[in-house]
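Along the sequence shown, the residues carry numbers beginning at 1.
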Amino acid sequence: MLVDRDNVAADLATACLDEVLAGPDPLPQHEIDAARYHVTDLLADLEGAVDETERAVLVAALWEQAARLLLGHDQQWQGSGKGLLRALQARDRALGDDLGARLTQGLTAGPAALDAAVRGVLEHCGGALFAGYRVGGVSGPSSSA
């Protein structure tokens with residue numbers, strides 16, 4: 001039989017719960033910028049894609065990367081598969097907006113809805129980042145793709 005002397009286990013459980021409820025640490029700006037660049041690049045690739053299979057692959061990648069950018073930027077826990085979808089839903093409830101829902105609706109509502117949702121995520125996170133971006137800094141002003 002295990003005995004919790006001096007409430008060590010109870011204190012540890014409380015500390016762990018507090019850490020989970022506080023959410024993840026903020027992402028460093030260079031990680032946010034790299035994610036913004038990646039999402040902007042995928043959006044540009046999707047706009048230029050003509051093959052339907054290629055478009056489907058790009059839509060899936062764009063949705064996932066935009067979701068991860070949004071969650072990371074807003075210091076929300078992430079998941080994978082259906083866990084990522086549920087994390088977006090929890091994020092919207094916690095922050096009182098619908099950016100995650102609009103992003104998810106973009107998967108089935110058509111290219112224009114996905115484009116608008118992804119651009120909304122980018123705007124929320126600092127804007128599209130493409131021209132002039134390089135790892136280690138920005139060589140010139142950032143601009144939309």
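- Residues Leu129 and Val39 are members of separate hydrophobic clusters, defined by side-chain heavy-atom contacts under 4.5 angstrom among Ile, Leu, Val, Met, Phe, Trp and Tyr.
- Residue pairs meeting the ring pair (Phe, Tyr, Trp, His ring centres under 6.0 Å) criterion with at least one member in residues 45-64: none, sequence neighbours excluded.
- Residue Leu107 is grouped with residue Leu99 when hydrophobic side chains (ILVMFWY) are merged at heavy-atom distances under 4.5 angstrom, including chains of intermediate members.
- Residue pairs meeting the salt bridge (charged side-chain N to carboxylate O under 4.0 Å, His left out) criterion with at least one partner in residues 58-70, sequence neighbours excluded, are Glu64-Arg68.
- Within the structure, salt bridge (charged side-chain N to carboxylate O under 4.0 Å, His left out) contacts touching residues 48-61 (residues at least two apart or in different chains) do not occur.
- Residues satisfying the side-chain contact (heavy atoms from CB on, under 4.5 Å) test with Val20, not counting sequence neighbours, are Trp77.
- Ile32 and Tyr133 fall into different hydrophobic clusters, where Ile, Leu, Val, Met, Phe, Trp and Tyr residues are linked whenever their side-chain heavy atoms come under 4.5 Å apart, directly or through other members.
- The shortest side-chain heavy-atom distance between Leu122 and Leu69 falls under the 4.5 Å cut-off.
- In this structure Asp115 satisfies the salt bridge (charged side-chain N to carboxylate O under 4.0 Å, His left out) test together with Arg119, sequence neighbours excluded.
- The two atoms that bring Ala87 and Gly79 nearest to each other are CB-N, 4.4 Å, heavy atoms only.
- Cluster partners of Val57 are absent, since no Ile, Leu, Val, Met, Phe, Trp or Tyr has side-chain heavy atoms less than 4.5 Å from it.
- Grouped by direct or indirect side-chain proximity (heavy atoms under 4.5 Å, Ile/Leu/Val/Met/Phe/Trp/Tyr only), Leu12 sits alone.
- Contact detail for Arg36 and Gly127: the closest heavy-atom pair is NE-O, 2.7 Å.
- The list of side-chain hydrogen bond (donor to acceptor under 3.5 Å, both in side chains) pairs with a residue in residues 94-103, not counting sequence neighbours, reads Arg91-Asp97, Asp98-Arg102.
- Nearest heavy atom pair, residue Cys125 against residue Leu70, reads SG-CA, 4.2 Å.
- By the side-chain contact (heavy atoms from CB on, under 4.5 Å) test, Arg5 is found to be paired with Val3, residues two or more places apart in sequence or in another chain being considered.
- To the nearest 0.5 Å, atoms CG (Leu71) and CG (Leu84) are separated by 6.0 Å.
- In this structure, Leu88 CG and Thr104 OG1 are separated by 5.0 Å, a value rounded to the nearest 0.5 Å.
- Scanning both residues, Ala66 and Val118, for their nearest heavy atoms gives CB-CG2, 4.2 Å.
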### Task
Carefully, step by step, assess Leu114 and Leu46 under the rule side chain to side chain contact (heavy atoms under 4.5 Å, CB included).
CA-CA 11 Å; Leu114 181 61; Leu46 181 59; 4.2 Å; yes
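- Applying the side-chain hydrogen bond (donor to acceptor under 3.5 Å, both in side chains) test to pairs two or more places apart or on separate chains, those with a residue in residues 8-31 are Gln29-Asp33.
- Among residues two or more places apart in sequence or in another chain, the side-chain contact (heavy atoms from CB on, under 4.5 Å) test is passed with Gln89 by Leu85, Arg86, Arg93.
- Here Glu47 contributes atom CD and Leu58 contributes atom CG; the two are 11.0 Å apart, rounded to the nearest 0.5 Å.
- Shown here are the ring-ring contact (aromatic ring centres under 6.0 Å, His included) partners of His73, two or more places apart in sequence or in another chain: His124.
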